[in-house]
Protein chains: 2
Amino acid sequence: MPVQSPAPGAGLRRHLQEGRGNIYAPDCPSRALLDHVTARWSVLVLALLLERPHRFNELAGAVSGMSDKMLSQTLKTLTADGFVERLVSDGPPVRVSYRLTPAGTEVAGRIAELVEWLEENVGALLAGR
Amino acid sequence: MPVQSPAPGAGLRRHLQEGRGNIYAPDCPSRALLDHVTARWSVLVLALLLERPHRFNELAGAVSGMSDKMLSQTLKTLTADGFVERLVSDGPPVRVSYRLTPAGTEVAGRIAELVEWLEENVGALLAGR
DNA sequence: CAGCATCCCATCGGATACTG
DNA sequence: CAGTATCCGATGGGATGCTG
């Protein structure tokens with residue numbers, strides 16, 4: 001193992017080859033996926049679902065400031081992308097819960113690390129400006 | 001070290017205490033920081049700066065589809081937040097380069113992991129829907 | 001080279017009301 | 001409970017042109 005490791009992120013610039021996406025190409029599908037998972041509310045929903053599956057109104061209550069409409073839309077997009085699964089229990093009352101797919105768990109884990117770092121360092125950042 | 005580790009992201013729900021932010025509170029400053037670093041273009045700029053410092057037009061050329069205006073605005077926001085440093089060399093021609101601060105390196109590293117995972121798995125995701 | 005100013009529009013997203 | 005429909009304002013973001 002070399003002492004001088006390559007710069008982190010050094011592989012990002014490679015173009016499409018052997019099935020790998022290129023986030024810097026505007027029409028690469030990975031760009032759309034990135035936009036979806038980093039969308040304002042997606043980040044918070046994914047982080048919550050990483051803990052455990054949630055029902056619709058659980059999510060609505062947990063994410064303060066989010067409207068039903070945006071929650072519904074966010075879940076629909078994440079489900080279509082294959083990051084979230086929609087599970088319906090036979091009612092009544094009908095109960096719908098949302099849970100991460102394996103791919104969603106991978107993505108949400110990386111997002112949660114970003115979120116947690118920000119939560120832990122927000123104080124230092126505010127102090128330094 | 002316990003075999004049963006706590007669920008990833010389990011600490012996200014704690015409220016402000018001992019200086020830690022709470023991303024689920026709409027007016028916690030960490031929410032604004034999250035919005036800034038996950039903004040459409042910020043993600044790509046941060047990932048590029050993780051490789052090495054870049055000059056303005058280098059960034060403009062590397063991020064296909066991004067206008068000068070958005071690059072300028074993105075860099076300004078990230079600089080104000082303390083994630084990016086602006087370095088001016090005495091010209092002419094004047095050359096301005098942008099480089100990550102230590103905090104910016106932390107954030108960009110986490111973002112780059114998300115981006116790289118998406119680039120590597122975009123094929124599988126598209127196939128599965 | 002490294003921007004800022006202006007114009008303009010498309011999309012994001014909130015409020016409210018309604019449905020199975 | 002778990003949404004959908006409609007309306008509408010805010011803002012993200014592109015095109016163009018100008019400046020030091």
Side-chain angles (χ1 to χ4, degrees), chain A residues 23-27 31-46 48-49 52-81 84-100, chain B residues 23-27 31-46 48-49 52-81 84-100:
Chain A
I23 205 74
Y24 295 103
D27 46 355
R31 178 80 73 92
L33 291 175
L34 177 66
D35 287 346
H36 294 171
V37 300
T38 60
R40 186 171 185 194
W41 302 115
S42 298
V43 173
L44 300 178
V45 168
L46 288 171
L48 279 172
L49 293 181
R52 58 174 175 79
H54 283 67
R55 288 185 297 107
F56 186 90
N57 279 349
E58 276 186 310
L59 292 171
V63 185
S64 176
M66 185 181 197
S67 65
D68 282 3
K69 173 189 161 184
M70 291 316 300
L71 176 55
S72 173
Q73 194 175 106
T74 298
L75 289 169
K76 196 172 298 183
T77 300
L78 293 176
T79 301
D81 285 340
V84 167
E85 273 181 324
R86 185 175 186 274
L87 306 162
V88 187
S89 78
D90 45 343
V94 57
R95 289 177 176 269
V96 182
S97 68
Y98 294 88
R99 131 178 104 185
L100 294 178
Chain B
I23 205 72
Y24 295 103
D27 47 353
R31 178 79 73 94
L33 292 176
L34 177 65
D35 287 346
H36 294 171
V37 301
T38 59
R40 184 170 186 197
W41 302 115
S42 298
V43 173
L44 300 177
V45 168
L46 287 170
L48 278 172
L49 292 181
R52 58 174 176 80
H54 283 68
R55 289 186 297 108
F56 186 90
N57 278 349
E58 276 186 309
L59 292 171
V63 186
S64 176
M66 185 182 198
S67 65
D68 281 4
K69 173 189 164 185
M70 290 316 300
L71 176 55
S72 173
Q73 195 175 106
T74 298
L75 289 168
K76 195 172 297 182
T77 300
L78 293 175
T79 301
D81 285 340
V84 167
E85 273 181 325
R86 185 176 187 274
L87 307 161
V88 186
S89 78
D90 45 342
V94 56
R95 290 177 175 268
V96 183
S97 68
Y98 294 87
R99 132 177 102 184
L100 294 177

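Below, chains carry the letters A, B, ... as their sequence lines are ordered, and counting in each starts from 1. In this text, all values refer to a predicted model and were calculated from it rather than measured experimentally.
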Round to a whole Å and report the spacing from [atom1] of [X] to [atom2] of [N].
X     : N      : atom1 : atom2 : value
A:L75 : D:dG3  : CG    : C1'   : 11 Å
B:L59 : C:dC1  : CG    : P     : 14 Å
B:L71 : D:dG13 : CG    : P     : 13 Å
B:D35 : D:dT11 : CG    : C1'   : 13 Å
B:H54 : C:dG3  : NE2   : C1'   : 18 Å
B:R55 : C:dC1  : CZ    : C1'   : 8 Å

For [Y], does its backbone N or O pair with a side-chain atom of [X] as donor and acceptor, under 3.5 Å?
X     : Y     : answer
B:Y98 : B:L59 : no
A:T38 : A:L34 : yes
B:T74 : B:W41 : no

Among C:dG3, D:dA2, C:dA2, which is the nearest nucleotide to the side chain of B:Y98?
->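 Of C:dG3, D:dA2, C:dA2, C:dG3 is nearest to the side chain of B:Y98.
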
Is [X] close enough to [N] that one of its side-chain N or O atoms is under 4.0 Å from OP1 or OP2 there?
X     : N     : value
B:R86 : C:dA2 : no
A:S72 : D:dG3 : no
B:K76 : C:dG3 : no
B:R95 : C:dA2 : no

Listed partners of [X] passing salt bridge (Lys or Arg N to Asp or Glu O under 4.0 Å), at least two apart:
X     : result
B:R86 : none
B:R31 : none
A:R55 : none

Return all side-chain donor-acceptor pairs below 3.5 angstrom for residues 62-73 of chain A, not counting sequence neighbours, or 'none' if the list is empty.
residue	atom	partner	partner atom	Å
A:S67	OG	A:M70	N	3.3

Let me have a per-nucleotide readout for nucleotides 11-20 of chain C, 5' to 3', with B, S or -, counting only protein heavy atoms under 4.0 Å.
-> --BBB-----

Rounded to the nearest 0.5 Å, how far apart are OG of B:S97 and CG of B:N57?
-> 12.5 Å

What bend angle does the helix from C:dC1-D:dG20 to C:dG20-D:dC1 show across its length, from five-pair end axes and to the nearest 10 degrees?
-> 50°

Below 4.0 angstrom, N of the basic side chain to O of the carboxylate: do B:E58 and B:R52 qualify?
->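 The answer is yes: the pair qualifies as a salt bridge.
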
